[in-house]
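Structure first, commentary second.
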Amino acid sequence: MSQHTQQTLKSPIFPTWCPGCGDFGIWASLKQAIVELALPEEQLVLVYGVGCSGNMADFNRVYGFHALHGRAIANAEAIKLANHDLKVIVIAGDGDTYGEGLNHFITSVRGNHDITLIIHDNQVYGLTTGQNSPTTAKGTKTKSSPLGVIDQPANPVALALSANATFVARGYAGRIPQLTALMKQAIMHEGLSVLDVFQPCVTFNKINTHQWFQTKIYDLQSQGHNTEDITAAWQKSWELNTLPIGLFYEDKNSVPYHKQLPQLQNAALVKQWSQTRNIAALLKPFN
């Protein structure tokens, strides 16, 4: 088994993101997390959504799958169930996850599928030039809401906690060492890991900028937050004047979805398939 290094992760295609985009910080953190975890190349799969975050599919030399808009989580679940020996990571945006893919998000959290969700949360649809997204603040004027957004914004951390997620964290693209550490924790957690990342869009979101976040965020762990207390996590998720980042909640006794299926107790599905490749007996009733 070969392990990834910064060199092996290199793609010949350099990112096309705007200079200063928060995606660069998430990309750097993810690569560093993969290297530090010494994950074997053949046991890692990245599933990408559609959007600026999904363009990362071209910038990493890893096994990957570029899903349809809002469908990255569903594809990741299928990959994990087919071969639960893999580490499966979803790279998607706030629109992809909390808009088109909201049903998949809630369902996957409830099922506690053993995948990691890294959500690039920039409060806009950046790839399509700045329309409002599910996390855009009420009243914000965008190309698709010239008079101001009417809807209340989604609260990703509260949504995850309310659906009984077993790992919920929030990071900031401008703090790469902390974000790298959160990614490592999320990837190694057994069960569904939600890591929502504040990712400033420097071109189309002139409100939630790097400077804005730096005046708002604070580190949960530095305040002695109890990550095993879901009630405390819920209360922290509704702090809106200041924005806590770090690990909100982790259930260390989490049992992931695939470990509850008797069909997968002895071997991964892909290994069972390789042992019973002849399906003639299964097809006989249809002849």
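Since this is a predicted model, take the numbers as computed values, not measurements. For this chain, numbers begin at 1 and follow the sequence in order.
Counting heavy atoms from C-beta outward, T140 and I207 have side chains that approach closer than 4.5 Å.
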Anything under 3.5 Å between a donor and an acceptor, one on a side chain of residues 84-91, the other on a protein residue two or more places apart or in another chain? List them.
from, atom 1, to, atom 2, distance (Å)
D85, OD2, K271, NZ, 3.0
K87, NZ, I187, O, 3.1

Under 3.5 Å, sequence neighbours excluded: what are the donor-acceptor pairs made by side chains of residues 194-202?
from, atom 1, to, atom 2, distance (Å)
D196, OD1, Y98, OH, 2.7
Q199, OE1, N122, ND2, 3.4

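Closest approach of H104 to I73, counting heavy atoms only: O-CG2, 3.8 Å.
Hydrophobic cluster membership for L240: none, as no Ile, Leu, Val, Met, Phe, Trp or Tyr side chain comes under 4.5 Å of it.
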Go through I176 and Q32 one step at a time and tell me if the side chain to side chain contact (heavy atoms under 4.5 Å, CB included) criterion holds.
CA-CA 9 Å; I176 292 175; Q32 188 62 29; 5.9 Å; no
Run the side chain to side chain contact (heavy atoms under 4.5 Å, CB included) test on H120 and D94 for me, step by step, so that the C-alpha distance in whole Å, both residues' side-chain angles and the decisive distance to 0.1 Å come before the verdict.
CA-CA 6 Å; H120 298 221; D94 50 306; 5.8 Å; no
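With sequence neighbours excluded, the residues satisfying ring-ring contact (aromatic ring centres under 6.0 Å, His included) with F167 are H189. Take Y172 and apply the ring-ring contact (aromatic ring centres under 6.0 Å, His included) test, not counting sequence neighbours, and it matches H210, F213.
Under the ring pair (Phe, Tyr, Trp, His ring centres under 6.0 Å) criterion, the residue pairs touching residues 45-82 are W17-F59, with sequence neighbours excluded.
D58 and S11 are not linked by any side-chain donor-acceptor pair at a separation below 3.5 angstrom, with hydrogens and angles left out of the test. Checking T8 against H4 by side-chain atom types alone, a donor-acceptor pair falls below 3.5 Å.
Annotation: cation-pi geometry not satisfied between K236 and W238 (NZ/CZ under 6.0 angstrom from ring centroid, within 45° of ring axis).
T136 places a side-chain N or O within 3.5 Å of a backbone atom of Q123 that can act as its donor or acceptor partner.
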